[in-house]
Amino acid sequence: MALAASGGGAAGPCTLPMLLLFLPFLPGLAAGPAGMLQPRDTPSRERRELGGLWSFRADLSPGRDAGFAQRWYRRPLRQTGPVIDMPVPASFNDVTQDPSLENYIGWVWYEKEVLLPLRWLQGDPAPRLLLRFGSAHYYCIVWVNGVQVVEHEGGHLPFEADISSVVQGSPGTLCRITVALNNTLTPHTLPPGSIRYMADKSRYPKNYFVQDTKFDFFNYAGIHRPVVLYTTPAAYIDDITVTTTSSDTVATVQYQVAVVGSTASSLSLSLRDQEGKVVATGDGPVGELKVLNPKLWWPYLMHENPGYLYSLEIRGKGLDWALIVKDLNLLRWLGANSFRTSHYPYAEEIMDLCDAYGIVVIDESPGVGIKLPESFGNKSLQHHLAVMEELVRRDKNRPSVVMWSVANEPASELPPAAHYFKTVIAHTKALDPSRPVTFVTDANYALDRGAPYVDVICVNSYFSWYHDPGHLEVIPLQLTAQFENWYKTYQKPIIQSEYGADSVPGLHSDPPMMFTEEYQQAMLREYHSVLDKKRKEYVIGELIWNFADFMTNQGTTRVLGNKKGIFTRQRQPKAAAFVLRDRYWRIANESSCLPPAMTSHSLFLK
């Protein structure tokens, strides 16, 4: 099973914090390794969001190393030179009017000064104080009051540091947080990249270089997700692992609670249904709960009460939210109930809503653009394994996550790809044996060296766009052959994980021409004619590319970014959105799972 977990908080001496888990019943799903619990406010703990304006300075020295040479972390950043205000969380690329920051590569520095409540520094024992970053892209070093507290490699996933000894040993209550952040991508990062130096001084300035990548989205950088200070007591819950099995009449919940700093003999657990009624109780760090007539977690559009969650209490009592809610509402308007986190893990706040709304998620690592042979070496492999550990650790307990994706469109036809993906997939399955593992391929079915190790074939194809551009008539033959070749070779279920075409909003032509809204509509309909046949056999899912237009690097094939969205960047529908809406609701209405009230498309119209 999977569940949405939250961290424990502050309590009195010799007590443990309350841990609230949102627990569904899904047969056959199990949690993975111990992990970093997402901090939440409870009656027994305190949390402070550090979002807002931070001081910011880019290191514009030729070697991008002046900040370390001059030890900018030793004193307030404003004393080292000019600083500007920078919102957190945000990407620094698009915030200012300074063109040098838009494509800046190298070290940037952030700083925030925070006054701490005295109660956080006092007590016997004093509470633990932790500093948590939801994500920072890409390589990050953090100091508190000039003392280094944590180093982390990789974007999109959280990391934290126990700063109790640093702040409790400092005079006063001022906490100065300094962050050095480097967005340089190398062949061994995830995603990988490379730095290309332009040595021709007749064409380029001195020390000129560019960042090359093999993926089709802009490499935004900065402190991208919330920064939080939070407390726990000296004895605290470090992790919980829950597995469930269920039938129509009874569910079994097996749990294991990891407690640090105290014996766990006094642990007590209460399982409540969505209405707040206690349906089972337990004691001790390891045990089993029985629930009669359980209510299962179902995806949106597959049950009249989707996203049903139980809450599990353990000991004691008591980003851009507008855009997140808008996107989830648009998904439901479409009649869609799943997505892939392409091509990196999404924010925990988004995942929380997927749990609650019944949205099914294929959870993908940042393994995009793995094209160069050196990106399949042991150094890259070890980092990829560590990233999968972080991802599973963060999302192992979520009901919405049904599959792990370890990469997108790698060069899986290269010889080292066989060992690489065999190792990454096996490692991920060892972390979480209950969920299928895949990667998304665009390789030829006969040459793909990673496909033998996946549980589900996820394939991307853009017939009549990147292949035979402008020729819609080739889609039925080529897409049918694609499915039949993959299935004949591997005998595994298949998901069409990407398909689509760019359309510039307001551009029209008849007959349909590339980049017009009519062409995007026609391409979708051709794909759907084949998908309707194959979903009765072995094609188990279809994922459009893409939900909304997004920014990319500048290039001759992109007009202010990738225009394959069915919605604009401002979340206004293109004509293709209505094609998908008609399709998705027709498929949903064909199912007997929907109650009568959900069979009207007008339900979600304003």
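The figures here come from the full heavy-atom set of this structure, side chains too, leaving out hydrogens, waters and symmetry mates. Source: prediction; values computed, not measured.
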Is any side-chain N of the basic residue among [X] and [Y] closer than 4.0 Å to the acidic one's carboxylate O?
| X | Y | result |
| --- | --- | --- |
| Lys396 | Glu389 | no |
| Arg394 | Glu390 | no |
| Asp395 | Arg435 | no |
| Asp502 | Lys564 | yes |
| Arg535 | Glu537 | no |
| Glu349 | Arg225 | no |
| Lys295 | Asp273 | no |
| Lys371 | Glu413 | no |

Search all heavy atoms of [X] against all heavy atoms of [Y] and return the closest pair with its distance.
| X | Y | value |
| --- | --- | --- |
| Val456 | Pro493 | CG1-O, 3.5 Å |
| Leu391 | Ser365 | CD2-N, 4.0 Å |
| Val530 | Pro476 | CG2-CA, 3.7 Å |
| Pro192 | Phe215 | O-CE2, 3.9 Å |

[X] and [Y]: side-chain donor and acceptor closer than 3.5 Å?
| X | Y | value |
| --- | --- | --- |
| Asn408 | Arg340 | yes |
| Trp298 | Asn305 | no |
| Ser461 | Gln496 | yes |
| Ser400 | Asp355 | yes |
| Gln478 | Asp468 | yes |
| Ser503 | Lys563 | no |

Name of the residue among Phe483, Tyr499, Tyr462 meeting ring pair (Phe, Tyr, Trp, His ring centres under 6.0 Å) with Tyr527: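 For Tyr527, the ring pair (Phe, Tyr, Trp, His ring centres under 6.0 Å) test succeeds with only one of Phe483, Tyr499, Tyr462, which is Tyr499.
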Against Trp333, only a single residue in Tyr300, Phe547, Phe578 fulfils ring pair (Phe, Tyr, Trp, His ring centres under 6.0 Å); can you say which?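 Checked Tyr300, Phe547, Phe578 against Trp333; only one passes ring pair (Phe, Tyr, Trp, His ring centres under 6.0 Å): Phe578.
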Is the number of heavy atoms from other residues, nucleotides or ligands within 6.0 Å of [atom1] ([X]) greater than 12?
| X | atom1 | value |
| --- | --- | --- |
| Lys214 | NZ | no |
| Gln97 | CD | no |
| Arg569 | CZ | yes |
| Leu560 | CG | no |

[X] vs [Y] aromatic rings, parallel, tilted or perpendicular, using cut-offs 30° and 60°?
| X | Y | value |
| --- | --- | --- |
| Trp545 | His343 | parallel |
| His156 | His137 | tilted |
| Tyr104 | Phe92 | perpendicular |
| His467 | Phe463 | tilted |

Sidechain-backbone polar pair: [X] side chain, [Y] backbone, donor-acceptor under 3.5 Å:
| X | Y | answer |
| --- | --- | --- |
| Ser529 | Glu526 | yes |
| Glu409 | Asp442 | no |
| Lys536 | Leu531 | no |
| Thr189 | Leu185 | no |

Apply ring-ring contact (aromatic ring centres under 6.0 Å, His included) to residues Phe218 and Phe550 and explain how you reach the verdict. CA-CA 8 Å; Phe218 191 82; Phe550 59 94; over 10 Å; no
Side chain to side chain, Asp455 and Lys429, heavy atoms closer than 4.5 Å: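 A side-chain contact exists here, since the closest heavy-atom pair is under 4.5 Å.
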Can Asp549 and Asn562 be said to form a side chain to side chain donor-acceptor pair (under 3.5 Å), step by step? CA-CA 6 Å; Asp549 295 344; Asn562 192 304; over 6 Å; no
Below 6.0 angstrom between ring centroids: does that apply to Tyr453 and Phe421?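 No, they do not, as the ring centres are separated by 6.0 Å or more.
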Would you check if the distance from the ring center of Phe56 to the ring center of Tyr110 is below 6.0 Å?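 Ring-ring flag for Phe56/Tyr110: true, centres closer than 6.0 Å.
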Verify side chain to side chain donor-acceptor pair (under 3.5 Å) between Asp94 and Tyr220, making sure each step is shown before the conclusion. CA-CA 9 Å; Asp94 288 346; Tyr220 285 106; 2.9 Å; yes
Take His224 and Ser91 through the test side chain to side chain donor-acceptor pair (under 3.5 Å) and record every step on the way to the result. CA-CA 6 Å; His224 280 155; Ser91 301; 2.8 Å; yes
Any chance you could lay out the side chain to side chain contact (heavy atoms under 4.5 Å, CB included) test for Val360 and Val401, step after step, and finish with the verdict? CA-CA 6 Å; Val360 173; Val401 174; over 6 Å; no
